[in-house]
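A quick write-up on the structure given underneath.
For the single chain, residues carry numbers from 1 onward in sequence order.
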Amino acid sequence: MLSVLVIDDEEEVLSVTRLFLERFGNMKVRTAGSTKESLVLLNDQAFDAIIVDYDMPEINGIEFLKILRSKGDLTPVIIFTGAGGEYTAIEALNNGANFYLKKGEDIQPQLREMADMIRRAVEGKTAGRGIGTTQKLLSDAVHFFREPAFAIDRDGKVIAWNDGMAALSGVGAGDMIGKKDYEYAVPFFGRKMPMLMDMVFEDPAIIRQNNYSIIAQEQGTITAWTKSTGTDGGEQILWMKATPLFDGRGIFIGIIGAIRDITHTVGTVLVNPQASKGAGPEKTGVPTGQGKMFDRLLGRSKANYMEGLRLYYREGRYEDAIAAFDRALEIDPSHAFAWHDRAVCLRALERNEEALASVTKALELAPADEEILSTCAETLQKIGILMNDDKILSAAVDAFNRLLEKNPENADAWNNMGICVQEMNRDDLARQYFDRARDLKKFKKDRVRKRNLETIV
């Protein structure tokens, strides 16, 4: 009987997973609610396989995997990751994960796949990854991508071509899988030629000589843009990203590449990628007056935004995160979530009025977004309570009501609205809101438990 450690911070997930694997997988399952707890447990006990959720507090699934591998622990690990976790999938592979499993609404197929992954991981523990398993992992990683992406093996043969790539190129997966010798470049350049992913190990000067302007290059991943001729004979601007993949032993196994046609984002501009010698519009051949447009085009706004998220979400460095969000907004002032997350950081620093101004700007840009509306309401609530101002509390109640119009089952909104009216000495109304919040939470919990048990039984 295989022994399995399942790590997740949701009790319902642990309960259902344990029940399924023990009843239908004939496995002995131990559960843990945190990665820290699991690291202590693993000092005294060994398991045949470990399932760990990526999105864990303090130490996420990838960091947990890195710690294990740094200790020489080769226990098969399966990373459980959410939708759209393409970069998590790549990071998991590069740090020695055996498989990764995509979370979704329907839990039963996931648990069946999990049981199968456990058996395959344990069977291959001593033999290492065979070529078939490697290609399957690369293919799975490509299909995690929401944008057009494909993968080649270390011999340059196409082994994965997702639906987005088929739509972008006009070539289906069945016509491209197995092709090599730069055949994958033909739909974009009209001839066989090296693409960015073929140059991931080259010096930047070589990449520039091949008419690519490098946006970013770190930890082996390269992002760049180049020009091509579209099917209509017009000029295209293509954004590309390439990432080499390695197995747990550090052996190179293939490359994943992503492509976007970004011509229509900004319109065609006469640029000369070969002239690129460094950062800045003057050095990339982009007219000076269009520098900010190309900053947005080349992803710098997004890069700064993602840096801000990392700084505050992972490291709690709110001031540095605000600076990163400000850099993103200098490039793209229409980035609603940069305004929103900037407000979250300001609120954490008790700079509440600045936070309100920032989230109000976010709400102007995305008035239908529930997360932004919720943050605005909660910020008004906090300011109203601190200032003991009924007018501001009333504004918070109005915001919560707008949120509840979109989602009447939002228990937190009902509860927070109760807090606001209680502060306004309207205890009878507050009690109604609190009761509504309590009933919704109980109903949701009972519904989840019933659905999970029905799924297993």
Side-chain angles (χ1 to χ4, degrees), residues 9 55-60 82 84 87 216 292 295-296 299-407 410-424 433 437:
D9 58 344
D55 190 15
M56 297 288 289
E58 297 184 289
I59 302 174
N60 68 32
Y87 302 111
K292 285 194 175 183
D295 276 344
R296 181 167 66 252
R300 291 180 185 171
S301 176
K302 182 179 178 181
N304 280 305
Y305 172 66
M306 296 304 293
E307 174 70 3
L309 286 184
R310 182 185 66 79
L311 287 167
Y312 96 80
Y313 185 72
R314 296 281 297 277
E315 301 182 22
R317 294 164 55 187
Y318 299 110
E319 293 282 7
D320 292 338
I322 291 168
F325 293 138
D326 285 344
R327 290 193 295 272
L329 290 166
E330 284 178 6
I331 297 167
D332 184 4
S334 66
H335 196 316
F337 271 91
W339 287 107
H340 169 268
D341 293 310
R342 182 178 184 271
V344 173
C345 293
L346 287 165
R347 201 171 69 183
L349 294 171
E350 300 297 334
R351 292 159 60 180
N352 297 310
E353 293 182 6
E354 292 177 71
L356 181 59
S358 191
V359 74
T360 299
K361 179 64 177 178
L363 198 57
E364 290 173 2
L365 293 165
D369 188 273
E370 289 186 29
E371 183 179 359
I372 293 175
L373 185 54
S374 177
T375 299
C376 184
E378 290 171 4
T379 304
L380 285 165
Q381 175 189 5
K382 187 172 183 179
I383 294 173
I385 291 173
L386 289 173
M387 297 181 65
N388 193 26
D389 189 320
D390 284 1
K391 186 176 180 180
I392 297 176
L393 288 168
S394 292
V397 171
D398 289 342
F400 282 123
N401 271 317
R402 287 171 58 194
L403 183 59
L404 288 167
E405 287 174 5
K406 297 178 178 297
N407 181 8
N410 188 326
D412 289 334
W414 284 106
N415 188 72
N416 284 329
M417 196 158 61
I419 293 171
C420 289
V421 297
Q422 188 176 53
E423 289 289 327
M424 298 163 67
Y433 293 155

Please identify each residue that fulfils ring pair (Phe, Tyr, Trp, His ring centres under 6.0 Å) with Y433, with sequence neighbours left out.
W414
With sequence neighbours excluded, tell me which residues meet ring pair (Phe, Tyr, Trp, His ring centres under 6.0 Å) with F400.
none
Quick one: ring pair (Phe, Tyr, Trp, His ring centres under 6.0 Å) pairs with a partner in residues 339-369, sequence neighbours left out?
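For residues 339-369: F337-H340.
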Can you check whether E354's main-chain N or O pairs, donor with acceptor, with S358's side chain at less than 3.5 Å?
no
Is the backbone of E371 close enough, under 3.5 Å, to the side chain of T375 for a donor and an acceptor to pair up by distance?
yes
I'd like to know if E307 pairs up with R327 as an ion pair, taking the criterion as any Lys NZ or Arg NE/NH1/NH2 lying under 4.0 Å from an Asp or Glu carboxylate oxygen.
no
Does R351 have more than 12 heavy atoms from other residues, nucleotides or ligands lying within 6.0 Å of its CZ?
yes
More than 12 foreign heavy atoms under 6.0 Å from CD of E364: is that the case here?
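Correct, the count exceeds 12.
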Going by salt bridge (charged side-chain N to carboxylate O under 4.0 Å, His left out), name the pairs with one or both residues in residues 381-394, residues two or more places apart or in two chains.
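Residue pairs passing salt bridge (charged side-chain N to carboxylate O under 4.0 Å, His left out), neighbours aside: E350-K382.
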Please list all pairs meeting salt bridge (charged side-chain N to carboxylate O under 4.0 Å, His left out) that have one or both residues in residues 334-343, counting only residues at least two apart or in different chains.
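Salt bridge (charged side-chain N to carboxylate O under 4.0 Å, His left out) check on residues 334-343 returns D326-R342.
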Output, in order, the C-alpha distance, side-chain angles, deciding distance and verdict of side-chain contact (heavy atoms from CB on, under 4.5 Å) for R402 and L363.
CA-CA 12 Å; R402 287 171 58 194; L363 198 57; 4.1 Å; yes
Yes or no on side-chain contact (heavy atoms from CB on, under 4.5 Å) for L404 and M417, after CA distance, side-chain angles and deciding distance?
CA-CA 10 Å; L404 288 167; M417 196 158 61; 3.5 Å; yes
Partner residues of A366 under the side chain to side chain contact (heavy atoms under 4.5 Å, CB included) criterion, sequence neighbours left out
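Here the qualifying residues are A336, D369, I372.
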Pair R347-V359, side-chain contact (heavy atoms from CB on, under 4.5 Å): steps then yes or no:
CA-CA 10 Å; R347 201 171 69 183; V359 74; over 6 Å; no
